[in-house]
Engineer: 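For reference, the structure I am asking about is given below.
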Amino acid sequence: MIIKNILVINSGSSTIKFQLIDICKKKRKIRGMVERIGNNPVIEYDFDGRKVKRKVKAKNHEEALKIIINCLLKSKVIKDFSEIDAVGHRVVHGGEKHIKPTIITNRIIKDIEKFSDLAPLHNPSNLKGIIILRKILNVPQVAIFDTAFHGNMPKESYLYGLPLEFYKKFKIRRYGFHGTSHKYVSREAIKILKKMKKSYKKIVTCHIGNGISLTAVLNGKSVDTSMGFTPLEGVLMGTRSGSFDPAIIEFLNKKGYTTKEIIDIANKKSGLLGISGINNDMRVLLKSKNERAKLAINMFVYSIVKYIGAYAAAMNGLDAIVFTAGIGEHSSKIRRMICDHFKFLGLNIDDKKNNKNNIIISTKDSKITALVIPTNEELQIALETKEVLKKTKR
Ligand code: AMP
């Protein structure tokens, strides 16, 4: 059977994003999302250069998914459901067990349910999408786990300095996230660097959006990453604090904050937002003359620089830095600020190329290559869906 059209689904708590990808041509046919499910929902999609946005009646995930499937027909990107060959689902947490794309069976559904313990905000919503679409479409469905790319990190990177029993009993360890994005951009970077006859073994990929994570990619594999047991760890982000001393939690407990409140503040009211007191949107902060906005930007850059430096040491060298996601792809100023810290290693940025968001933004003679690669998690999910189905006799 030829696998051509793959529907990629990212089912979140109140939003379901979708894309239909012609995997033979690696081309997107349509993309869109249903937002605010259950609360004045709207569907937004674009195809053939056309954009559509309208209110819909979607009380729950099931109704939203039916609307999405019908929208594929209405927009005429497919004539019949039989033209959908497979579905690739983004699943946030695969635990230690699922570090490869996996065809979804009842057993896999039980596993995803089990790992909801580790990703209570994400896995249950991902699972809803899977269970409903299995009822609507009779095609193979594949789970692509966001933690998978980091699944082969060495023990010294993924263990915390807590008693080993915590890992053995409760599986407390660094899992890492944004794996599909890090995998996609590192693969693309390696292809480009090979063509340019540049070194490509030691790469740091920087996914810098509202959520941020950095990954040390050694010989194409993730060997360390900044997010940890949850996406809260690591660098300072849009609304997340990144790492801080956990003893602060007990200190704040004594001041009247519950642990839940503190974790909530650390996830939703910290980072750029908490420091600036203005906004978590980098565009707003970059325009602002406010001192706290400047401080937030400086802390943001500094925390990213520290991780890149640490990973360069961990890999015993640095061949390339890759920038991706909202800020990484679009803010030449932030890229410049970060890269300036690595002049001592021979990284030189070409301002003209950087200002144009070119793919290569370093100078020809730079010892380290800096690249801007737009992430494409959906394409990576579709590619992996096809790959796993090709390998499996059905
Ligand atoms: P993402 O999570 O990848 O969608 O990234 C979202 C973030 O990208 C937003 O919060 C913005 O702060 C940031 N962003 C998008 N465009 C720009 C830009 N031109 N300059 C600076 N930041 C940007």
Side-chain angles (χ1 to χ4, degrees), residues 8 10 12-19 28 31-33 35 44 46 90 92 121-122 146 149 176-186 188 205-215 225-227 230-232 234-242 267-290 292-304 321-340 349 351 353-359 361 370-381:
V8 176
N10 181 355
S13 57
S14 61
T15 303
I16 301 178
K17 293 185 184 158
F18 65 96
Q19 285 198 16
R28 183 175 65 220
R31 75 164 162 198
M33 60 179 160
E35 274 182 297
E44 232 183 303
D46 63 85
R90 176 181 185 228
V92 165
L121 298 179
H122 297 100
D146 224 20
F149 185 52
F177 298 89
H178 293 144
T180 311
S181 174
H182 288 291
K183 187 171 179 178
Y184 177 78
V185 298
S186 59
E188 289 298 302
T205 47
C206 309
H207 180 110
I208 314 180
N210 199 26
I212 300 173
S213 66
L214 274 70
T215 296
T225 193
S226 59
M227 283 179 170
T230 75
L232 183 55
V235 303
L236 184 147
M237 310 179 210
T239 63
R240 293 187 197 125
S241 61
N267 266 311
K268 296 182 189 149
K269 293 183 182 157
S270 302
L272 290 176
L273 175 64
I275 298 293
S276 72
I278 301 172
N279 209 300
N280 61 314
D281 192 318
M282 185 54 90
R283 286 166 291 202
V284 176
L285 299 186
L286 283 169
K287 278 188 201 136
S288 169
K289 296 217 158 51
N290 184 294
R292 279 180 62 174
K294 279 189 201 149
L295 174 65
I297 293 171
N298 289 341
M299 286 174 67
F300 180 86
V301 168
Y302 183 65
S303 72
I304 291 172
I321 302 178
V322 181
F323 294 98
T324 195
I327 300 170
E329 288 169 29
H330 299 112
S331 178
S332 54
K333 170 105 192 271
I334 296 294
R335 291 194 301 257
R336 176 44 120 170
M337 286 173 83
I338 294 168
C339 290
D340 275 351
I349 291 299
D351 275 326
K353 293 178 184 170
N354 187 34
N355 292 340
K356 282 198 274 180
N357 298 327
N358 277 11
I359 296 176
I361 56 167
L371 302 98
V372 178
I373 301 183
T375 193
N376 195 339
E377 287 160 285
E378 291 80 8
L379 177 59
Q380 185 66 29
I381 290 174

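Note that ligands are numbered from 1 as they come in the structure, with each ligand's atoms numbered from 1 the same way. Keep in mind it's a predicted model, so treat the numbers as computed, not measured.
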Engineer: Contact residues of ligand 1 with a heavy-atom cut-off of under 4.0 Å?
Structural biologist: G209, N210, D281, M282, R283, A325, G326, I327, H330, S331

Engineer: Hey, is the main chain of L232 close enough, under 3.5 Å, to the side chain of R240 for a donor-acceptor pair?
Structural biologist: no

Engineer: Side chains of N354 and R336: do they bring a donor and an acceptor to under 3.5 Å?
Structural biologist: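 Short answer, no.
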
Engineer: Parallel under 30°, tilted from 30 to 60°, perpendicular over 60°: which one fits the rings of H178 and H207?
Structural biologist: parallel

Engineer: Whether the T215 and T225 side chains hold a donor-acceptor pair (N or O, under 3.5 Å, no angle test) is what I'd like checked.
Structural biologist: yes

Engineer: Does some side-chain heavy atom of F323 sit less than 4.5 Å from a side-chain heavy atom of L371?
Structural biologist: no

Engineer: If the test is side-chain hydrogen bond (donor to acceptor under 3.5 Å, both in side chains), which one of T205, D146, T375 qualifies with H182?
Structural biologist: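 Running side-chain hydrogen bond (donor to acceptor under 3.5 Å, both in side chains) over T205, D146, T375 with H182 returns exactly one hit, T205.
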
